[in-house]
Amino acid sequence: MNPLMDAEQAVLGAVLLDPGQLAHLEWLAPDHFYRPVHQALFAALRKLRGDGHPAVEGEGPVPLSWVTDAVAKAGLHVRGLTASYAHLLISACPRPAHAPVYGRMVLEGAIHRTVTEHAVRLHQEARTGALRGEVEGTLHHADVLTEVLTDLARRWGTEPRPVAPAAPPAVVPSAVPSAQAARVAEDETFLLAVLVERPGAMGEVVDWLRSGDFADPAHGQLYRCLGALHHRGEPVDRLTLLWEAQRRGLLADGTLTRDRFALICGGVGAGDAEWLGQQVMRSSLARTAAVSARAVQALAEDEALGPGRLINHALHALVPFGEVRTRWEAANGLPVPRPPASAASPEGPPTARVQAARSRSAPHPTPSSSARASPVSASTTARPTSRGHR
């Protein structure tokens with residue numbers, strides 16, 4: 001059983017039975033359907049209506065040409081569509097007057113699919129970008145995902161705003177290639193050595209680099225110790241850093257050992273702290289984007305989430321990435337002002353469409369065209385036990 005396929009068939013069957021239902025489905029687009037044959041058929045039905053097909057405004061029974069012409073026009077774009085399948089769609093529709101409700105189900109499925117697709121693209125780009133040492137593609141796909149979520153919210157008729165889910169989605173971290181992990185660890189170690197050995201180096205990165213940007217938790221904890229020394233205005237060297245680490249319990253809880261501390265901070269400390277900090281930030285940006293994308297994907301794959309909650313939870317999952325991105329832009333002197341996700345759009349679907357999309361409107365009590373006889377008699381069309389063309 002696939003309720004989404006049932007809903008797609010029911011929408012098409014409703015329109016084939018009652019062409020007037022298209023007036024209540026203006027907000028539904030062909031690409032909202034999952035199956036290509038359904039996309040082509042819905043597009044053909046809309047085209048026939050736009051061309052003024054006699055079945056749309058005519059009185060009396062719906063002519064059989066409404067079905068045959070739709071099948072013929074759709075058949076120009078897909079293969080395998082037959083008149084018998086159109087008749088099956090008719091029998092699959094419980095009630096034509098419920099077409100807006102069935103359309104809402106189709107739109108819900110389209111929203112989940114769209115969010116999943118863009119989350120997967122962001123995750124893939126973040127992973128490949130990290131291997132190449134690039135972030136431009138990641139930033140672009142993150143912008144696209146945010147714009148898609150905002151647009152979908154307006155189509156659904158809700159205000160896009162980040163809302164935390166009651167329970168965070170379970171996300172399994174992606175495995176990091178060993179070569180990439182070794183490079184990141186090397187950058188972090190070099191940076192810590194520079195911050196220890198060069199007086200004033202901490203001031204070059206402290207405004208935008210955070211302990212959470214380090215992939216290795218031990219490196220992040222040492223950076224926090226350095227930040228505390230810098231904040232208090234105390235001298236920074238290997239001994240003062242080791243003392244601060246001990247005071248914070250890092251030696252007692254096993255986060256650090258004396259040998260590892262010597263290995264991390266025993267370098268020559270040569271290098272540009274700002275440049276190394278940017279390398280750490282670059283890795284953090286890609287890593288955070290990948291985690292956020294996986295969280296969004298997990299939300300989109302939860303069929304129990306309604307579109308409004310899905311969109312707002314997905315926006316919330318992108319908040320950590322947005323915070324890292326803001327600091328990345330500050331580190332590179334590239335402030336890029338972006339409107340918040342909840343900013344109102346000067347354009348949007350009319351209220352009537354939004355209400356129809358959410359099926360808030362009451363059923364039509366006197367559907368003049370619904371009373372018209374269908375192109376196929378209900379008495380001669382048996383309701384199939386299995387749905388074809390799925």
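This structure is a prediction, so every number in the text was calculated from the model and none was measured. Every heavy atom of this structure was used, including side-chain atoms; hydrogens, water molecules and symmetry mates were not.
Remark: the backbone N or O of L305 is paired with a side-chain donor or acceptor of H112 at under 3.5 angstrom. Although no hydrogens or angles enter the test, the distance criterion places a donor-acceptor pair under 3.5 Å between the side chain of Y102 and the main chain of R95. No side-chain donor-acceptor contact under 3.5 Å links R49 to the backbone of V56. Between the W66 side chain and the V15 main chain, a donor and an acceptor come within less than 3.5 Å of each other. Judged purely by atom type and a 3.5 angstrom limit, E188 uses its side chain to pair as donor or acceptor with the backbone of A215. The main-chain N or O of V163 is found under 3.5 Å from a side-chain atom of H313 such that the two form a donor-acceptor pair. Checking side-chain atoms of T288 against main-chain N and O of S284 turns up a donor-acceptor pair under 3.5 Å. For the pair N2 (side chain) and L4 (backbone), a donor-acceptor distance under 3.5 Å is present. In this structure a side-chain-to-backbone donor-acceptor pair under 3.5 Å is present from H32 to A29. Using a distance-only test at 3.5 Å, with no hydrogens or angles considered, a donor-acceptor pair links the side chain of T240 to the main chain of P235.
Other residues, nucleotides and ligands contribute at most 12 non-hydrogen atoms within 6.0 Å of the CZ atom of R224. Within 6.0 Å of CZ on R232 lie more than 12 heavy atoms contributed by other residues, nucleotides or ligands. Other residues, nucleotides and ligands contribute at most 12 non-hydrogen atoms within 6.0 Å of the CD atom of E303.
Between L149 and L318, some side-chain heavy-atom pair lies under the 4.5 Å cut-off. Side-chain contact between H230 and V205 is absent, with no heavy atoms from C-beta onward closer than 4.5 Å. In this structure, the side chains of L17 and V62 stay at 4.5 Å or more apart for every pair of heavy atoms. Side chains of P3 and M105 form no contact here, defined as non-hydrogen atoms less than 4.5 Å apart.
Evaluated for a side chain to side chain contact (heavy atoms under 4.5 Å, CB included) with V206, the options R210, E204, M202 yield exactly one hit, M202.
Under a 4.0 Å N-O distance rule, the pair E197/R238 qualifies as a salt bridge. Remark: D69 does not engage K73 in a salt bridge, criterion side-chain N to carboxylate O under 4.0 Å. A salt bridge does not link R309 to D302: none of the charged nitrogens lies less than 4.0 Å from a carboxylate oxygen. A salt bridge links R327 to D213: one of the charged nitrogens lies within less than 4.0 Å of a carboxylate oxygen. Under a 4.0 Å N-O distance rule, the pair R113/D31 does not qualify as a salt bridge.
Between F42 and F33, the ring planes are tilted. Angles from 30° to 60° get that label.
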Query raised in the report: Taking it one step at a time, do V71 and Y85 satisfy side chain to side chain contact (heavy atoms under 4.5 Å, CB included)?
Result: CA-CA 9 Å; V71 170; Y85 183 61; over 6 Å; no
Query raised in the report: Please walk me through it: do F190 and D272 pass side chain to side chain contact (heavy atoms under 4.5 Å, CB included)?
Result: CA-CA 9 Å; F190 282 162; D272 186 328; over 6 Å; no
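The OG1 atom of T114 sits 9.0 Å away from the CG atom of L107 when rounded to the nearest 0.5 Å. If you take CZ on R121 and NE2 on H118, they are separated by 5.0 Å, rounding to the nearest 0.5 Å. Note that CD1 of I90 and CG of D18 are 11.5 Å apart. Values are rounded to the nearest 0.5 Å. With rounding to the nearest 0.5 Å, the separation of SG in C225 from CG in L192 is 10.5 Å. Rounding to the nearest 0.5 Å gives a distance of 8.5 Å between CG of L222 and CZ of R260. If you take CG on L256 and CG on L242, they are separated by 9.0 Å, rounding to the nearest 0.5 Å.
If you chain together hydrophobic residues whose side chains sit under 4.5 Å apart, V106 and V78 fall into the same group. Connection of Y223 to W275 is established within a shared hydrophobic cluster, with ILVMFWY side chains joined at heavy-atom distances below 4.5 Å, either directly or through further cluster members.
Checking D259 against T257 by side-chain atom types alone, no donor-acceptor pair falls below 3.5 Å.
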